Engineer: 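Before anything else, here's the structure in question.
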Amino acid sequence: MPTESKRFVAHIRKADQSEQYVDEHNDHVAELASTAAEPYSLAKIAKLTGRHHDDGKNTQKFAAYIRAAAEGKKVARGSVIHSTQGAMLVNELASPKLKNSRLMAEIIRTAIMSHHGLRDCLSLDGDAMFAEAAERVTDSYESVKATVYQRYGEDFIHQEFNDACIEARAMFKKVQDLQKRSKTSGSFHFYLALFTRLLTSIVIDADRTDTACFEDKKAPPRRRTMDERKAMWERYLAYYEHELEKLQEEKEPSRLDPYREEISKACAEFDGGEVGIFRLVVPCGAGKTLAALCYALHTARRYGKERIFYIAPFNSILEQNSAEIARFIGDPEAVLEHHSNIIFSPNENGDKSEEEKRYELLTENWAQSPVVATTAVQFLNTLFAGQTSSVRRMQALGNAVIILDEIQALPIKVLKLFNGAMNFLASFCQTSVVLCSATQPLLDRVDCYQLLSPKNIIADEDEERYGQAFRRVEIADRMTERGYSREEAADFIIGQLEGARSVLAIVNTKRDAREIFKHMRKQLDKKKLDKKTLEEKTSYKIFHLSTNMCPAHRNRVLRQMRARLEAKAPREKIICISTSLIEAGVDVSFERVVRSLTGLDGIIQAAGRCNRNSETACGIVSIINLRDERTGGVGYLKEARQATREVLYSIKTSPECYEGGALSKKAMNEYYSRYFHSLLKEMAYPLKFDLEHTLLDLLAGNPSGKKGFEERYPREPLPQLKQAFKEAGKAFSVIDEDGKVDVLIEYDDEAKKRLQKLREATTIEEKRAALRQLQPYMVQLMDSDWIRRQREALASDDAGILVLPPGYYDEEYGVDETLEIKMETLII
């Protein structure tokens, strides 16, 4: 138990100069961490980690530093090391007499040293980072240790360590048991890496929470009890069912309504247990989002889950579906929508608004919101990225239901990391993971780091039955041996309007979309001069969509296009040429779709934009192949197209084996089998700076670090944890943005007005607010020599934003990258 001893200061409150002692702060963090770690069965380990995370602040040097900072003197942030001493103290407690105590101590010391930023266990060159850090604080360690022991007593410290060891042994056994059940589910050390990151997350959150509560004179936020959680989900579920009934009464009756009701009922009744990995496979138009929400609400109520997560691959899907979730639970305040495009208006002084402050508080750790809607990028960053803000959020993922929408959209390079993380959440974190898609990738059939075998929420036989019932299209292979030129593709697309009112064409590159759009516009201009066409008074409206258009422009085009489609003017024909951005989750419906050859999953997603509203008896999705298509920068398109060609050939030669053709489950499974087989090595996240190893290697055995250590220290025992957490976090990026730059577009008067605010901003807060307001007007372009020269010309203390000069932006297809663009650099 704590005793009276010399006490040192951890924090000084700005408002009244009140002091918080180090042991007081550590004790609070220990309790907060222990409570947060309960769902993970890590309460004692987390308590021990929290108790010693700031031991290093027990020095005169830190006391002088914190007092100087409180007095407004200039101090170098982080100049006084205080996270190493507690790691050393815990490390010394390990003993050969205590089984697994060395490994547990290494996990705890890594978490303590990482609570201000991830640290490597072994560097890529083999440096033992803990030993090196310990050498730097030898002058202060003994006095810190004496203070801590005097405060708590040797018996208390050893007992807390022994209790944590018992918990750690149970944790290690769970991982070993998982590997016995599934030898291909991932390495022991990879799961230890995730436990270490989770422990770090818990301590970071507890540390930040206690510090904020001390500064604001507030009590720590209270966790909802099991009864409170169940009552909350019961309330949301009742509202959901009421809204669903209202929806059925208001909409036009459809022959598909009984099937939608069956799917909803199946999701309500399915009970796969408190935890696990599940698949929800329903066809486009079957109400996948609401069906997944139905399962999540029922599961959350049954088992008293802390929260529900909805994860979408793109902002467009997220914004649409988070609004639908908020509507169906009847509590918009309960849904935290977290993505980079959230924009707030600053107050009249240019400072953060109260709304923005509240939003930032909620997004810091995700823990206060019952429903979190976020992107796959934010979700995967939480599991693997290096920023402390990302690490902090991981502690919120336990005892939850996680809905992952359009799961096929995950980049190939992250798949094994993703599989291992989902196995971790389902096996050790009391979490239910739901994979949603009409085109489910075979993540449980890769060679290693396999997803644990998912349970199907909808039975296989019903999947097939619903697939047939909702089938509103047929796939037509219109590929030729030579492929289509852009002019021929334009003619083919226009030809689809014979007997149809609308056609959507989706191609793989922005360049093809732009050039085909130009050819179509020329062809349609000729049609206007045709006497017969004039007599019939047929008009053509052509739209273009690509990421060379800023978001504000794309949203405007989508609104205009939807209005035209819904108006159903009898003598108006509508064409849209788009890149794949329209493929998943965008709610539009065309009578015909043309898709340039891509992966079969992309073709099926494109088919989801065809005849959604049953405009015709059967929509047609035509597959064409473009000649001279430059797709080097489009992921693994070559492998995807080859797998698709092979499946389409099999369907053509043995149609009797594929009931439903390219739309059948058999065709999709065969496609993924072929596609994944060629890319198994790519799924472990290859490293750009080390062609021999992967990011998975850094988070497991770290072979290059191990080799370097053995060469440097041949007589020293290897650390049991070898992970290069910092290097892995630095290397991780869901979307590869190398060679790309953000450019501001003065698209409309609103953009000009917001840009003027940025030009006039004087404080950092004003500039920050103005930049956020400009997000809907940004486009990512490929870097160029000219842009690089502009960057290099900036002074070291300047930051710059690139502004597209007039003349380079077209009202129909966005930035014209065929021109040599000389950007204006605005210094901010």
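These numbers were taken from a predicted model, which means no experiment stands behind them.
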Engineer: Look at the rings of F270 and Y295 and say which category their plane angle falls in: under 30° parallel, 30 to 60° tilted, over 60° perpendicular.
Structural biologist: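 Taking Y295 first and then F270, their aromatic rings sit tilted (interplane angle of 30° to 60°).
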Engineer: Can you label the angle between the F676 ring and the Y672 ring as parallel, tilted or perpendicular, going by 30° and 60°?
Structural biologist: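 Correct class here is tilted.
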Engineer: Quick one: do the Q468 and E464 side chains pair a donor with an acceptor below 3.5 Å?
Structural biologist: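 No, because no side-chain N or O of Q468 sits under 3.5 Å from a partner of the opposite role on E464.
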Engineer: Tell me, do S437 and M668 make a side-chain contact under 4.5 Å, heavy atoms counted?
Structural biologist: no
Engineer: Under 4.0 Å between a side-chain nitrogen and a carboxylate oxygen: does that hold for R612 and D587?
Structural biologist: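 Salt bridge present between R612 and D587.
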Engineer: Is there a donor in the side chain of S322 and an acceptor in the side chain of E337, or the other way round, less than 3.5 Å apart?
Structural biologist: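 Yes, a side-chain donor-acceptor pair sits under 3.5 Å.
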Engineer: Give the minimum heavy-atom separation between R554 and T547, together with the two atoms involved.
Structural biologist: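 Closest approach of R554 to T547: NH1-CA, 3.6 Å.
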Engineer: For the residue pair Y240 and F328, categorise the inter-ring angle as parallel (less than 30°), tilted (30 to 60°) or perpendicular (more than 60°).
Structural biologist: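 Geometry flag for F328 against Y240: tilted rings.
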Engineer: Is the closest basic N to carboxylate O distance between E629 and R641 below 4.0 Å?
Structural biologist: yes
Engineer: Mark yes when over 12 heavy atoms from residues, nucleotides or ligands other than E656 sit less than 6.0 Å from its CD; otherwise mark no.
Structural biologist: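 Atom CD in E656 is packed in, count exceeds 12.
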Engineer: E474: what forms a side chain to side chain contact (heavy atoms under 4.5 Å, CB included) with it, not counting sequence neighbours?
Structural biologist: C618, I620
Engineer: Is a salt bridge present between K246 and E243, judged by a nitrogen-to-oxygen distance below 4.0 Å?
Structural biologist: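 Between E243 and K246 there is a salt bridge, with a charged N closer than 4.0 Å to a carboxylate O.
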Engineer: We want to know whether D271 and Y303 form a side-chain donor-acceptor pair, criterion being a heavy-atom distance below 3.5 angstrom.
Structural biologist: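 Per modelled atom types, D271 and Y303 side chains form a pair under 3.5 Å.
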Engineer: Tell me if the aromatic rings of F492 and Y484 count as close, with their centers under 6.0 Å from one another.
Structural biologist: yes
Engineer: For the residue pair N321 / T289, report whether a side-chain donor-acceptor contact shorter than 3.5 Å exists.
Structural biologist: yes
Engineer: Taking D331 first and then R235, would you say they form a salt bridge - that is, a charged N and a carboxylate O separated by under 4.0 Å?
Structural biologist: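 Between R235 and D331 there is no salt bridge, as every charged N stays at least 4.0 Å from the carboxylate O atoms.
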Engineer: Between E615 and R501, does at least one N-O distance fall below 4.0 Å, as a salt bridge requires?
Structural biologist: no
Engineer: Which heavy atom of A667 sits nearest to which heavy atom of V647, and what is that distance?
Structural biologist: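 Where A667 meets V647 most closely, the heavy atoms are O-CG1, 3.9 Å.
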Engineer: Taking 4.0 angstrom as the limit, do E670 and R674 come out as a salt bridge?
Structural biologist: yes
Engineer: Starting at CG of L280, measure out to SG of C294 and round the result to the nearest 0.5 Å.
Structural biologist: 10.0 Å
Engineer: Determine whether the side chains of E498 and Q496 contain a donor N or O and an acceptor N or O closer than 3.5 Å.
Structural biologist: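 No pair is found: no donor N or O on one side chain lies under 3.5 Å from an acceptor on the other.
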Engineer: Measuring from L293:CG to I308:CD1, what's the distance to the nearest 0.5 Å?
Structural biologist: 6.0 Å
Engineer: For T184 and Q450, run side-chain hydrogen bond (donor to acceptor under 3.5 Å, both in side chains): C-alpha distance rounded to whole Å, both residues' side-chain angles, the deciding distance at 0.1 Å, then the answer.
Structural biologist: CA-CA 6 Å; T184 52; Q450 282 183 0; 3.0 Å; yes
Engineer: Show every ring pair (Phe, Tyr, Trp, His ring centres under 6.0 Å) that has at least one partner inside residues 435-477, sequence neighbours left out.
Structural biologist: F190-Y449
Engineer: Answer with yes or no whether the side chains of N508 and R595 bring together a donor and an acceptor at under 3.5 Å.
Structural biologist: yes
